[in-house]
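Report on one structure; see the data block that follows.
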Amino acid sequence: MAYTRKDVSTLTAGERRRFVKAMLEVKRRGEYDEFVRTHIEYYNSDGEDGLRTAHMAPSFLPWHRRFLLDLERALRRVDSSVTVPYWDWTRDRTATSAPWTKDLLGGNGRRSDRQVMTGPFAWATGNWTLKEGVTDAEFLTRDLGRAANPIALPTKSELEGALADPVYDVSPWDSTVTSGFRNKLEGWGSGRGSVAWRNHNRVHRWVGGAMVGGASVNDPVFWLHHAFIDLCWYRWQRRHAGARYQPARPPGPASDQWRRVVARGEKLPPWGVTPEQLEDVSGIYRYA
């Protein structure tokens, strides 16, 4: 039977406690840091050679859908009642609303070094030491809204600009495309500052600290953010009935994208499942 992922703002006190407890146990077991390492490994950009799977490519959505399922399965091995909640950043838009409460993810980082001092994931608790990343920092950092150079979370209308596009993705299947649902949601744009980061990307920048870069998994909000991104794909699929993951076939040898993107029926590293197999999750979970 399919289980339900809920809006984080609707969780009961008991559901919050169980989610946090399961996250801390997955971290204690050493499993959590494996997720951080995996995301770092697959955080490849357009400018790098070889296959791109997690970002700047059509497989951005199925890759993170499977990644999220793996974390959720780890949590449910600890407590079968737990699912990953989603953070709707078009509604909960302040640094004090859910999920930034003391009983959930804790709040913003302090001014001096952006270290998170509140909540169960604060370094001082001894339960959330960062072990994998691009810096030597052991503590979780955040800069909600970017105090020195403020940016705003994406709006409902900005998200709607992505959801309204009936085509999943288009050639050249990278960060430069200006049409297609995938990149409008992933959020690679041109220019400088906030205009260059849309939807998914801008949320990472708005949270700041550990959420910027390949080691963004170190902040538990990564999962709540990507659950909402997954919900957006889920909604897009229902709005545009019959629309499918693209490309259906891999680009040929004459294309710059040959062997650089995953087609619908090709296996998606590191799991060996295809985007096609991840298009329908109705038998696994649903969204409230």
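- Judged as a side chain to side chain donor-acceptor pair (under 3.5 Å), the pairs with a partner in residues 245-257 (not counting sequence neighbours) are, in order, Arg52-Gln257.
- Under the 3.5 Å distance criterion, with hydrogens and angles disregarded, no donor-acceptor pair is assigned to the side chains of Glu72 and Tyr285.
- His39 and His55 have their aromatic ring centers within a separation under 6.0 angstrom.
- Across Tyr86, Trp87, Phe228, Phe67, a single residue satisfies ring-ring contact (aromatic ring centres under 6.0 Å, His included) together with Trp223, and that is Phe67.
- Side-chain contact between Leu159 and Trp89: present, with at least one pair of heavy atoms (C-beta onward) separated by less than 4.5 Å.
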Can you give each donor-acceptor pair under 3.5 Å made by side-chain atoms of residues 204-215, sequence neighbours left out, with the distance rounded to 0.1 Å?
residue	atom	partner	partner atom	Å
His204	ND1	Met211	O	2.8
His204	NE2	His200	NE2	3.1

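- Among residues two or more places apart in sequence or in another chain, the side chain to side chain donor-acceptor pair (under 3.5 Å) test is passed with Trp271 by Asp70.
- Identified under the side chain to side chain donor-acceptor pair (under 3.5 Å) test for residues 207-219, with sequence neighbours left out: Arg142-Asp219.
- Here Arg111 contributes atom CZ and Asp143 contributes atom CG; the two are 11.0 Å apart, rounded to the nearest 0.5 Å.
- At least one donor-acceptor pair closer than 3.5 Å links the side chain of Tyr168 to the backbone N or O of Pro58.
- Glu25 meets the side-chain contact (heavy atoms from CB on, under 4.5 Å) test with Arg28, Arg29, Val78; sequence neighbours excluded.
- For Arg238 and Tyr234, the positive end sits near the middle of the six-membered ring, less than 6.0 Å away and at most 45° from its axis.
- Remark: Arg260 CZ to Asp49 CG distance equals 6.0 Å, nearest 0.5 Å.
- Shown here are the side-chain contact (heavy atoms from CB on, under 4.5 Å) partners of Ala95, two or more places apart in sequence or in another chain: Leu144.
- Identified under the side chain to side chain donor-acceptor pair (under 3.5 Å) test for residues 170-185, with sequence neighbours left out: Asp46-Ser175, Asp165-Lys184, Asp169-Arg182, Asp174-Thr176, Arg182-Glu186.
- In this structure, Lys131 contributes its side chain and Gly30 its backbone to no donor-acceptor pair below 3.5 Å.
- Of the possible donor and acceptor atoms, none in the side chain of Asn199 sits under 3.5 Å from a partner among the backbone N and O of Leu185.
- Between the side chain of Thr118 and the backbone N or O of Gly107, at least one donor-acceptor pair lies under 3.5 Å.
- Separating the NZ atom in Lys156 from the CG atom in Leu163 is a distance of 12.0 Å, to the nearest 0.5 Å.
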Can you check side chain to side chain donor-acceptor pair (under 3.5 Å) on Thr274 and Arg264, steps first, answer last?
CA-CA 6 Å; Thr274 67; Arg264 188 187 302 159; over 6 Å; no
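- Annotation for Trp188: hydrophobic cluster partners, listed by chain and number, are Met56 (ILVMFWY side-chain heavy atoms under 4.5 Å, direct or chained).
- You'll find the side chain of Ile284 reaches within 4.5 Å of the side chain of Leu69, heavy atoms only.
- Distance alone, capped at 3.5 Å, is enough to place a donor-acceptor pair between the Thr83 side chain and the Thr4 backbone.
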Intermediate values then yes/no, salt bridge (Lys or Arg N to Asp or Glu O under 4.0 Å), Arg198 and Glu158
CA-CA 8 Å; Arg198 303 188 180 118; Glu158 287 173 317; over 6 Å; no
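- Not counting sequence neighbours, the partners of Tyr287 by the side chain to side chain donor-acceptor pair (under 3.5 Å) test are Arg5, Asp230.
- Here the closest non-hydrogen pair linking Ala2 and Ser282 is CB-O, 3.5 Å.
- Within the structure, salt bridge (Lys or Arg N to Asp or Glu O under 4.0 Å) contacts touching residues 91-102 (residues at least two apart or in different chains) are Asp7-Arg91, Asp88-Arg91.
- A distance of 14.5 Å separates CD of Glu138 from CH2 of Trp128, quoted to the nearest 0.5 Å.
- Summarising the hydrophobic clusters (Ile, Leu, Val, Met, Phe, Trp, Tyr; side-chain heavy atoms under 4.5 Å, direct or chained), the residues clustered with Val177 are Val167, Val170.
- At a threshold of 4.0 Å, the pair Asp79-Arg76 does not count as salt-bridged, since none of the basic side-chain nitrogens sits closer than that to a carboxylate oxygen.
- For the salt bridge (Lys or Arg N to Asp or Glu O under 4.0 Å) condition, the pairs that include at least one residue of residues 267-287, sequence neighbours left out, are Arg244-Glu276, Arg244-Glu279.
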